[in-house]
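Take a look at the structure below.
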Amino acid sequence: MTCASAQKQLVLYLARELSEDASERVACHLERCARCAREAEALDETQDRLEQVLRTDREPSTRMDARVMEAVRGMAPGRRVSTVRRRMALFAVAACAVFAIVTIGRLGIREPVRQPLDGRVLDAAYRFEAARDEPVWPPASTDGLLRHLSLEARFAVRVVSEEEAGAKLLHGHALLAGRTQLAALRYDWEGRPLILFQADAGRTSLMQAGTAQFRGETYRIGARNGVGFVAWRSGTVNCVLMSRASPAKLLPLAGEFCEAMERS
Amino acid sequence: MDTAIGLIRTVGKRSVSQLSDESLARRVAAGEVDGFAEILRRHRSRVFRVCYRMAGNAEDAEDWTQECFTRTYQQLPKYNASRPFSPWLWRVVANACINLANSRNRRQSHVDLGIDLMDNLPSTAPNPSKAAVDRDEALRLRSAVEDLSPPIREAIVLRIVEGMSLKELADAQGVPLQTAAARVRRGLMQARAKLEASGMELDR
């Protein structure tokens, strides 16, 4: 046996995953060849040391499980239909499927996977948006901003103004946070930045968080690093309102935004 | 009535937990989404630990684990339930981890160990100076592994963290046995070379 072929088999030999014959041949070679024997010892030693420093007993958080199941449910097929109805619909479904596959294949479009609106991503997006130092957008026409944002973000963004509630619309941006396309509307609220993020509800799901009721509607609320957020779904968009304030203080404002969006 | 419903629920729960991975996967592929929670419960820790060592920190590792499981769910209709589930799952996970690592490598040149740098390092030794050496060596070894290319790093992580045999590793990575063995050898040798280049003697 040559050194080259012995060295190729050393890892399998040390793992005792060679046949008896092959193992014996490598063992014989190692007895005669000091260089290969040193390499075998070095590989064994390095693996031992790596085992000590790489093995870990860390566990994922239970929040992760909820996120996985939320994402999976977002991808779940629709309501199951009875066998009879399924058979009746089979032909139509098959025809549609063939059409969809051909069309999707031609256009190169992949089926969208709903991304959960991640707290950390939104936190980073908030810091980025709150630190923007740009000329104030003249809110002469909310329609202009709506068209611009919808085009940039590639979903139907809603633009609402809440000056009566003390939130003055300044400007809006489309941004990509991680893999999630967001639209951000920035308001001045009692001298501090208030950001309303929107994302396509067909492509995103709301993050896991505590819940609170306001005027009969349920909102998800929480805070990270001193930034409070209130999240809800309005029609085809998922919304997250964020500012340096407690979620309790943000909740009534979020209620106003939600109702204004329902009216728009 | 309530007792009866409770009993049915208990039996239902017990039966799900008693199902094999293969039966569960078949049910989930047929539309029983809730069964996926049991698949997740059984495999979450092992998948997370591999993602943790591939990603370098716990926060990214949770994102990677989520990605692995959502891909698993999406690909379940392709799973052949007459074959064992676990190797198929690891193949999906290994593929997802390589893709995630490659996509991160395009954005940054080095895996950042970040806040988890100091976790789980040897800290107790009779001689304090030896403890410092151990700690230093551990950091250098981890750093050496993080510098490996994604397929080689993954081979080392699956073999060492997950304790896979080389045959299982080859199945997970979808490569011949000799290729899997060569990846492990190259990973071990590169890690050792980096330590030696930094003046750290491994044999003591």
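For clarity, every value in this text was computed on a predicted model and none was experimentally measured.
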Residues [X] and [Y] bridged, charged N to O under 4.0 Å:
X: R183(B); Y: E154(B); result: no
X: R49(A); Y: E45(A); result: no
X: R38(A); Y: E41(A); result: no

| Relative to chain A, which segment of A37(B) carries a heavy atom at a distance below 4.5 Å: side chain, backbone, both, or neither? |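 Contact with chain A is through both the backbone and side chain of A37(B).
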| request: May I have the step-by-step check of side-chain hydrogen bond (donor to acceptor under 3.5 Å, both in side chains) for W88(B) and S86(B), ending in yes or no? | output: CA-CA 5 Å; W88(B) 179 84; S86(B) 198; over 6 Å; no
| Taking it one step at a time, do R49(B) and T56(A) satisfy side-chain hydrogen bond (donor to acceptor under 3.5 Å, both in side chains)? | CA-CA 7 Å; R49(B) 283 171 198 159; T56(A) 174; 5.8 Å; no
Residue, of [options], that accumulates the most heavy atom pairs under 4.5 Å with chain A:
options: L177(B), L40(B), D34(B), T72(B); value: L40(B)
options: D63(B), V157(B), V47(B), V161(B); value: D63(B)
options: E162(B), E62(B), Q178(B); value: E62(B)

| said: Within a 6.0 Å radius of atom CZ on R220(A), are there more than 12 heavy atoms belonging to other residues, nucleotides or ligands? | reply: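 For R220(A), atom CZ is crowded (more than 12 foreign heavy atoms under 6.0 Å).
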| message | Counting only heavy atoms from other residues, nucleotides and ligands, does the tally under 6.0 Å from CZ of R35(A) exceed 12? | response | no
| Measuring heavy-atom distances to chain B, does E39(A) have an atom under 4.5 Å in its side chain, in its backbone, in both, or in neither? |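 E39(A) touches chain B through side-chain heavy atoms alone.
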| Under 3.5 Å, is there a donor-acceptor pair linking the side chains of R71(B) and Q74(B)? | no
| Do N102(B) and N99(B) get their side chains close enough for a donor-acceptor pair, meaning under 3.5 Å? | no
| query | Are there residues of residues 11-31 of chain A that reach to under 4.5 Å of chain B by heavy atoms, and which ones? | reply |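 The list, in residue order, reads V11(A), L12(A), A15(A), E17(A).
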| said: Looking at chain B, which one of E51(A), M69(A), K8(A) has the largest number of heavy-atom pairs inside 4.5 Å, strictly under? | reply: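 The residue among E51(A), M69(A), K8(A) with the greatest pair count is M69(A).
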